[in-house]
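See structure below.
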Amino acid sequence: MSYVVSTKEEQAQMLKDIGVKNTEELFNDVPKSVLLKTPLNIKEGVSEFEVLKDMEKIASKNRLFKSTFRGAGSYKHLIPEVVKHLSSISGFLTSYTPYQAEISQGNLQGMFEFQSEICNLFDMDVSNSSVYDGASAVAEAMLMTLTNKKNKILFSKSINPNVQAVIKTYAFARNVELIEVLSKDGCLDIEDLTLKMSEEVSAVIIQSPNYYGLLEDIEEIVNISHELGIMVVESVNPLIAPLVKSPGSLGVDIVCGEAQPLGLDRAFGGPYVGFMATKKVNMRKLPGRIVGQTVDEEGKRAYVLTLQAREQHIRREKASSSICTNQANSALRCVIYMGAMGKQGLKEVATQCMSKSHYACNEICRIEGYSLKYSGEFFDEFTIHTPYDIDEINNRLRKLNIEGPLRLSKCSMLVCVTEATSREEIDEFISILKEVSRWS
Amino acid sequence: MSYVVSTKEEQAQMLKDIGVKNTEELFNDVPKSVLLKTPLNIKEGVSEFEVLKDMEKIASKNRLFKSTFRGAGSYKHLIPEVVKHLSSISGFLTSYTPYQAEISQGNLQGMFEFQSEICNLFDMDVSNSSVYDGASAVAEAMLMTLTNKKNKILFSKSINPNVQAVIKTYAFARNVELIEVLSKDGCLDIEDLTLKMSEEVSAVIIQSPNYYGLLEDIEEIVNISHELGIMVVESVNPLIAPLVKSPGSLGVDIVCGEAQPLGLDRAFGGPYVGFMATKKVNMRKLPGRIVGQTVDEEGKRAYVLTLQAREQHIRREKASSSICTNQANSALRCVIYMGAMGKQGLKEVATQCMSKSHYACNEICRIEGYSLKYSGEFFDEFTIHTPYDIDEINNRLRKLNIEGPLRLSKCSMLVCVTEATSREEIDEFISILKEVSRWS
Amino acid sequence: MELIFEKSVANHRCTLLPKLDVPLYEIDKSVARDTPFDLPEIAEIDLVRHYTKLSKETFGIDDGFYPLGSCTMKYNPKINETVASLKGFTDISPISSPEDVQGALQVYYESEQVLCEVTGMDHISFQPGAGAHGEFSGLLIIKKYHQSRGDFNRNKIIIPDSAHGTNPASAAMNGFKVITIPSKDGLVDLDELDKVLDDTVAGLMLTNPNTLGLYDSGILEITKKVHSYGGLCYYDGANLNAIMGVCKPGAMGFDCIHLNLHKTFSTPHGGGGPGVGACGCRDFLYPFLMNPRIIKTNKNEYAFEESGLSVGKVTAFYGNFLIVVRTLTYLKHLGCNGLREVSDNAVLNANYLRVKLKDTFNVAFDKICMHEFVLDLSSYKEKYGIRAIDICKRMIDFDMHPPTMYFPLIVHEALMFEPTETEGKQTLDKVVEILKNIAIEAKSGSVDLTKAPYTKSYKRMDEVKAAREPILRYVHEK
Amino acid sequence: MELIFEKSVANHRCTLLPKLDVPLYEIDKSVARDTPFDLPEIAEIDLVRHYTKLSKETFGIDDGFYPLGSCTMKYNPKINETVASLKGFTDISPISSPEDVQGALQVYYESEQVLCEVTGMDHISFQPGAGAHGEFSGLLIIKKYHQSRGDFNRNKIIIPDSAHGTNPASAAMNGFKVITIPSKDGLVDLDELDKVLDDTVAGLMLTNPNTLGLYDSGILEITKKVHSYGGLCYYDGANLNAIMGVCKPGAMGFDCIHLNLHKTFSTPHGGGGPGVGACGCRDFLYPFLMNPRIIKTNKNEYAFEESGLSVGKVTAFYGNFLIVVRTLTYLKHLGCNGLREVSDNAVLNANYLRVKLKDTFNVAFDKICMHEFVLDLSSYKEKYGIRAIDICKRMIDFDMHPPTMYFPLIVHEALMFEPTETEGKQTLDKVVEILKNIAIEAKSGSVDLTKAPYTKSYKRMDEVKAAREPILRYVHEK
Ligand SMILES: Cc1ncc(COP(=O)(O)O)c(C=O)c1O
Ligand SMILES: Cc1ncc(COP(=O)(O)O)c(C=O)c1O
């Protein structure tokens, strides 16, 4: 069951040609004491049909909710079937990093289109062709800003806690001093930011919409920071791009984040894909693969991996990052999703998300005992304050096969509503909130 | 939602270029009284996401049994995933009949391989590249045998009743006289056959394994028939080919049938695919598409649709059949399945079917009240005689999510067991039969 | 390319089955196979490479413009494929109890409802495997109808000379005598029709718009005439793409029809099927429609029903179910406005292409057409020695599939273009540009079109050789 | 080829969303986007044609031999894709309550169990996104381990000069100083190792078999030496394909490892990811492994667990879950014998190819190799002016993907072949024949290899231009 092609007879012939008696001899360099004496203690293989049944059984232990109000970094959106079909064509799927450009133009052009679209979304100059995920993208962006003299980083407490955890990991690794900037009314506290700025700070990292769903005052943050020569790194949900002022136009230095909302399944957290874009000046500091346009010998426009002098296989310990395999196929799927939605479609998705979350929010706030915790503008998530038992609310919802909001604290919950949720589903959700209100 | 590409503005420009004011004008030739005054009385379109949900809901109204003991013309077999993946590659799927051979070699070669494999299975000389289904294949085979003088057809009562129904339809259409040959102990009654033979009979149609799962005595039937210049048409389950004497070697004139067991889903009866193969002498009587080998201008081996003089687009009312669109993609899937199973694999499938059905049969016959109705050799189906209420048996099985055998009559049922059923599943089925026996 | 047999290596193989978990049963020697059993032996990776390679030598709609006239090569929505691969549709037996397959019956029932409204028919059966099979079935219904009334004299079917080859062939399969009537200006010549009408006529077969892409405005007179002689009118619905939401075959006077679901209703054509030739009829013919039929009971359940007068069955079960699943998916997605938009734009695109090409090529009947039109290239043949096939083969060099060639038979050097509604103006403009360039090549001789295509892996085929020395299967060279 | 932007037409679009069924909310003008928002506008059919065309300009394993050394380009079983697309896996949130995602946790738990047995580790986290990320995480665990013991002096990582570039880069990302030691006969030079070992050494990074495909038989001494100085041993598991069921990194003395699931465990490489760099460690390092971990409770339920000493998180959730799903599918399918068979044949195939090519090309270290081997083409460069890249580009003409070029750096004009176990003898024989022919072309100059490939849509690329005049995004020409 191992997809080995050659028959035992052929294998014997090959061993003979090599000049050894058996396969064991091929492992003569392995010290005797290291060689396994018995087979691995794992089950015998079974046919693909049995495996499929088994895996289907495992999959069925995951609950498929009919609707969900949970986001917090992983979002349920509508994904046209054409996106899944195209991104899994075997050429795309079974190739590797396009080292041989002559027979990899499909992947290379797809990546170039990805870079271009990411730049367009945010009004940035350059983008790489993906990093592992949104959190590691933020961490990599942080590393990009460091200099010999500037080894401190400010980060907003309103960033998604999982992302905070990852930047903390990277900061520990690179011996970077991380300083937390407090929140006020759910957003970065500008006063605290000003207080904590110093000459040794290389950058401030923010997220908008932030963890609580709120838009940060990017313009203000950029102005203050740039005055002190501090760079601004913004993590962003790319889906909001059609609606809000672009990070590029506001002066943000590095924009990065998680592109999962652009056509990737939630899939228990991955594969997703991190994106990073910046201004031209920072081009050579970008980590990861970058595709550039060139020509072939006959002058035909073509694409290749470029600026490789930044990368580990050339620069080794001096590389801007160790990333090698990235998330190419996820990025390709995003690019196909953006093509499928198009300029108008993506704006419509964003508008629907915003409209539905506001509809839900308004309806919730009309119920006794529920109120909006923060007053700022939000996108597809918002924080509700309530005295009722949130676990109890979620249990009731689960019984109707609805995944409830994320419990943030004893009396606050993060509600997510996207275009994938119908009004009917929102209303059903609201009716449960009402029920709890009535009974409490 | 119509997949129309041009915008309203572009459509307006096109109308202008054509020289009409609006699309209505394009329909000026339609008599006023025929033109619809109001839109069609059907629902408004909805997005693909809504359609998908709706169709998923409909699909969920079909019960997915965990195991099945029902065959009778549509069989559950194991289909490797690779078969589904390859046969649905877009080039194969979105092309049409390969009229332009230069850019259709993939499909053409696939059909040529199908023809070759069908010939190999049955030791026949020529095969067409598919007809609608197994039943229409038998009907077409019947038509092939007719001559001006011979307009009567004998058919065995042991043929699948659905197939009988179809040949009756075709016979009525072509004014053919059909004569039924009785069964004896579940098989064609040779005596009755001999009795009913005459000079006007062009062919005798049999099925083996027949409806009751039994192998017919083909050698004997061929001998008797050929003596009187009567052709033998045999409908066969192709999966048994590795195990039994080939129709070709036994002198059968036309072999045909349903290739669903070769990698096609049961899919509520379709798409399946009918195959037909015969000896060289009958080559030009075959209906349907036939692919032949040739060379291109540079002498490269290639394939084209050939012997088209038989077909409707050339011969019109004198064509051997009116078939035009056939079941190309189903045939392709069969050819990929046969490649995936291969020579040894297909034999193993057949052997497993046979072994499992015999295991089940033996176990059943040990239970009080159940006995094998016919004594002949069978393949993956057999007929059980029982005094117990078969509907009651099936209801009990249904409760365990098992699809029970087909009820043939008040006290007989047709049991099907293939390689897709595990021993455990067979044993569970048997335990219910036992239960019924105990309680009755 | 190598054949799968040529890649076969002794004892190579793919996926292994589950282990046999019951005693091995060996078949009796007396009936056991005694001749070689030859199938390829190949590993999964090699199987994949083989068919992946083949797929790349196959031009589909996903690869480019495919204006194959009379075939409605429209875009095949990927959502259809997703729906058609739902286990609830693929993994069910056709002989399950109706209570276990209510969803499947609902698919048939709902599709029938919608398509009856689209066509003006009262009932539809989805049993026929494709258009020609639908014709066969429909004509059989007509035959049965006449006979049921004790009228055994009606042994003729009238068919215009422009008809698709399946029409006369299907009539012949029903034992009918085919009466071909010549067309006038591409349409039914009423005088010719009059000449052949009498009480031996079982019916008329017609497609409207016809195979020239022309809507026969005399349609009401035609059907009325046939009816007046006691004949029935059969509608070949292969060209329904032109008229959805515009007019109904029922209103034109047709009694019985077939629809090519694989064409109008967007199922991928699969290299030549599977399709569905849905067969529809008016109420008075319902007793004769194929068995079984699917009805809704007053308990709101779906059930089978049989008619004793039915022509019976034409396939073993209920036809190509998964194609009907795709059809229903498409119908629900498009809805009433969508269907009308399809026809408007199918006709718009054809007329646009016709108008843009008419100065370069001769349009066979140059007037407003429906969803397709026919060029007559006989002047190219006469003046430049360039045949329709040469133009076609040259199109291949520009990554387009050629149109239908040499059909309908009444036009010489015919090229039949059906762009369909799923092509945009940009694509059509590009096509026009390319065709005009090819016309220049034809006239100037700057490129030898009789040798085209030039840029593909395969050059022009020796079709005569294939037919004269038929090699129809692979035989191992020993 | 045109870019998607160049196919864009104003107001063309694809699938429409469901209608907005709540009141429209308009964002406040003060924050609303005020710059152009430029994405392609394209219909579904044109989108499909665009990416279908692109896919055909991309060579994958399904298209042919792909011996890219150090990348384990083995056949990707289609069953993996089916399993990874089950809704129960794709349609679940990473922040659901554990009780709602027991299946997902089980996938992680079972995969961890099996891979621990394969590698001799005690725990595995699947969080890292690929191999390099696994290295980063593993070294961080080592760093944290030392610091947790109050040992802040260990700031060096020893890496042989044959190592993959990600090794030093990952060490640097952890703030370590990289000490490169030269190899001797392609293996670790124990004397050189001795020279650099002291109590500032945090650890050693090694892959065994190494990037030359050689198994370092001194492995036990090496790891013992490092341990004796208080350093830890990190195993780069990119080359695990060679040794499954043969020997375990744990038994070689490694404390912490990563595995490239996308390589050894058969996930399609997707044009460069996603992958998984599963990071494993021995018990004593478990406190430092990434959070959260997945455990089985005594109620036989799966649950998350956190450690206060953990290095934390390296991706937002639990890594590339669907890749782990594929891995588990593969592991269950192959089972214990299958895995051993993989390694036996991966090594067999590499040696067979090596032996068949050694008379034609110079093998860098010509002895029994593991799953890959390296050719040294410097003599071709000297004698015929033909470089490794020229041989590679010529291979393309024969429908093969070239091997890895110019790596490892210690071999000049290196070509690194890793055929993997999923290629059969026939394929290898054909490859040998083609490579021998190319060698003849190189020697005779009968074909100018510096201009290859000749037969593909694209000729050789101007990489210098790309780097000198970087064009990294499409900008509309106005
Ligand atoms: C006008 C017309 N009628 C009938 C048919 C036959 O349809 P099918 O190929 O589905 O049998 C066609 C198909 O080409 C056609 O164009
Ligand atoms: C030996 C070795 N180590 C590490 C890596 C890095 O793995 P990844 O590309 O998954 O980051 C590779 C990949 O090429 C490798 O070959």
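Note on naming: letters A, B, ... go to the chains in the order of the sequence lines (proteins, then strands), and numbering restarts at 1 for each one. What you see is a predicted model, and the numbers here were worked out from it, not measured in a lab.
A side-chain donor from one of Gln344(B) and Arg13(C) sits under 3.5 Å from a side-chain acceptor of the other. There is a side-chain donor-acceptor pair under 3.5 Å between Gln100(B) and Lys393(C). Between the side chains of Asn337(C) and Glu44(B), at least one donor N or O sits under 3.5 Å from an acceptor N or O. Counted by atom type alone, Lys425(C) and Gln13(B) present zero donor-acceptor pairs between their side chains at under 3.5 Å. Counted by atom type alone, Gln352(B) and Tyr25(C) present zero donor-acceptor pairs between their side chains at under 3.5 Å.
Taking the ring axis of Tyr170(B) as reference, the NZ or CZ atom of Lys313(C) does not stay both within 45° of it and closer than 6.0 Å to the ring centre. A cation-pi arrangement, defined by a distance under 6.0 Å to the six-membered ring centre and an angle within 45 degrees of its axis, is absent between Lys74(C) and Tyr3(B). With a 6.0 Å cutoff to the six-membered ring centre and a 45° limit on the axis angle, Lys300(B) counts as a cation-pi contact of Tyr458(C).
Judged purely by atom type and a 3.5 angstrom limit, Glu117(C) uses its side chain to pair as donor or acceptor with the backbone of Asn41(B). Side-chain N or O atoms of Thr169(B) include one that pairs as donor or acceptor with a backbone N or O of Val311(C) at under 3.5 Å. The backbone N or O of Ser104(B) lies less than 3.5 Å from no partner atom in the side chain of Thr58(C), so there is not a single donor-acceptor pair. Although no hydrogens or angles enter the test, the distance criterion places a donor-acceptor pair under 3.5 Å between the side chain of Lys143(C) and the main chain of Ala173(B). In this structure a side-chain-to-backbone donor-acceptor pair under 3.5 Å is present from Thr94(B) to Ile61(C). Without hydrogens or angle criteria, Arg70(B) side chain to Ile95(C) main chain gives a donor-acceptor distance under 3.5 Å. Between the side chain of Gln102(C) and the backbone N or O of Lys61(B) there is no donor-acceptor pair closer than 3.5 Å. No donor-acceptor distance shorter than 3.5 angstrom exists from the side chain of Asp91(C) to the backbone of Leu64(B), with no hydrogens or angles considered.
Of the listed residues (Ile323(C), Ile243(C), Thr404(C), Leu220(C)), the greatest number of heavy-atom pairs within a distance under 4.5 Å of chain B belongs to Leu220(C). Contact count against chain B (heavy-atom pairs under 4.5 Å) is highest for Val22(C) among Val22(C), Asn174(C), Val355(C), Leu214(C). The greatest number of non-hydrogen atom pairs below 4.5 Å with chain B, out of Val342(C), Ile42(C), Val48(C), is found for Val48(C). Contact tally against chain B (heavy-atom pairs below 4.5 Å) for Gly338(C), Gly131(C), Ser55(C): the top residue is Ser55(C). Among Glu423(C), Lys53(C), His12(C), the residue making the largest number of heavy-atom pairs under 4.5 Å with chain B is Glu423(C). Of all the listed residues (Pro168(C), Gly335(C), Gly129(C)), the one sharing the greatest number of non-hydrogen pairs under 4.5 Å with chain B is Pro168(C). In terms of non-hydrogen atom pairs under 4.5 Å with chain C, the most contact-rich of Lys76(B), Glu311(B), Arg289(B) is Lys76(B). When the candidates Val304(B), Leu78(B), Val4(B) are compared by the number of heavy-atom contacts under 4.5 Å with chain C, Val4(B) comes out ahead.
Between the CD atom in Glu57(C) and the OG atom in Ser95(B) there is a gap of 12.5 Å [rounded to 0.5 Å]. The CG atom of Asn345(C) lies 8.0 Å from the OG1 atom of Thr23(B); values are rounded to the nearest 0.5 Å. For the atom pair Leu121(B) CG and Asp38(C) CG, the distance stands at 10.0 Å (nearest 0.5 Å). Atom CD of residue Gln109(B) and atom OH of residue Tyr474(C) lie 11.5 Å apart, to the nearest 0.5 angstrom. For the atom pair CG of Asn62(B) and NZ of Lys87(C), the computed distance is 13.5 Å after rounding to the nearest 0.5 Å.
For Phe268(B) and Phe89(C), the gap between ring centers reaches or exceeds 6.0 Å.
With contacts defined as side-chain heavy-atom distances shorter than 4.5 Å, the pair Val46(B)/His333(C) does not qualify. Taking 4.5 Å as the limit, some side-chain heavy atom of Leu346(B) sits within range of a side-chain heavy atom of Phe37(C). The side-chain heavy atoms of Asp296(B) and Asp462(C), taken from C-beta on, include no pair separated by under 4.5 Å. In this structure, the side chains of Met252(C) and Pro31(B) stay at 4.5 Å or more apart for every pair of heavy atoms. The shortest side-chain heavy-atom distance between Ile18(B) and Ile368(C) falls under the 4.5 Å cut-off. Between Pro268(C) and Tyr96(B), every side-chain heavy-atom pair lies at or beyond the 4.5 Å cut-off. A 4.5 Å side-chain heavy-atom check between Ser116(B) and Phe5(C) finds at least one atom pair inside the cut-off. At a threshold of 4.5 Å between non-hydrogen side-chain atoms, the residues Arg473(C) and Asn120(B) count as touching.
The pair Arg423(B)-Asp21(C) fails the salt-bridge criterion, with no side-chain N (NZ, NE, NH1 or NH2) lying under 4.0 Å from an Asp/Glu carboxylate O. In summary, Glu102(B) and Lys459(C) do not engage in a salt bridge, as defined by a charged side-chain N under 4.0 Å from a carboxylate O. A salt bridge links Arg33(C) with Asp123(B): at least one charged nitrogen is closer than 4.0 Å to a carboxylate oxygen.
Proximity to chain B (any heavy atom under 4.5 Å) is shown, for Met1(C), by both the backbone and the side chain. Contact annotation for Leu331(C): neither backbone nor side-chain heavy atoms come within less than 4.5 Å of a heavy atom of chain B. Contact of Ala32(C) with chain B is made through backbone and side chain together, with heavy-atom distances under 4.5 Å. At a 4.5 Å heavy-atom cutoff, the contact between Pro80(B) and chain C is made by side-chain atoms alone. Contact annotation for Leu68(C): only side-chain heavy atoms (C-beta onward) come within less than 4.5 Å of a heavy atom of chain B. Residue Ile4(C) touches chain B through both its backbone and its side chain, counting heavy-atom pairs closer than 4.5 Å.
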Legend entry - Candidate pair Gln11(B) and Asp344(C), rule side chain to side chain donor-acceptor pair (under 3.5 Å), full reasoning: CA-CA 10 Å; Gln11(B) 291 172 28; Asp344(C) 280 354; over 6 Å; no
Inset, instruction - Would you sort out whether Glu113(B) and Tyr51(C) count as a side chain to side chain contact (heavy atoms under 4.5 Å, CB included), showing the intermediate values? - result: CA-CA 11 Å; Glu113(B) 292 176 355; Tyr51(C) 289 105; 2.5 Å; yes
Inset, instruction - Output, in order, the C-alpha distance, side-chain angles, deciding distance and verdict of side chain to side chain contact (heavy atoms under 4.5 Å, CB included) for Leu40(B) and Lys248(C). - result: CA-CA 10 Å; Leu40(B) 291 171; Lys248(C) 303 181 183 182; 3.8 Å; yes
Inset, instruction - Could you go through the side chain to side chain donor-acceptor pair (under 3.5 Å) check for Ser96(C) and Glu403(B) one step at a time? - result: CA-CA 8 Å; Ser96(C) 290; Glu403(B) 184 158 51; 2.6 Å; yes
Inset, instruction - Using the side chain to side chain contact (heavy atoms under 4.5 Å, CB included) rule, take Lys343(B) and Asn11(C) through it: C-alpha gap first, then chi angles, then the decisive distance, then the call. - result: CA-CA 9 Å; Lys343(B) 181 175 165 170; Asn11(C) 297 314; over 6 Å; no
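Relative orientation of the His133(C) and Tyr132(B) rings is parallel, given thresholds of 30° and 60° on the angle between their planes.
In this structure, Gly339(B) and Cys14(C) approach most closely via the heavy-atom pair O-SG, 4.4 Å. Closest approach of Ile27(C) and Leu215(B) over heavy atoms only: CD1-CD1, 4.4 Å.
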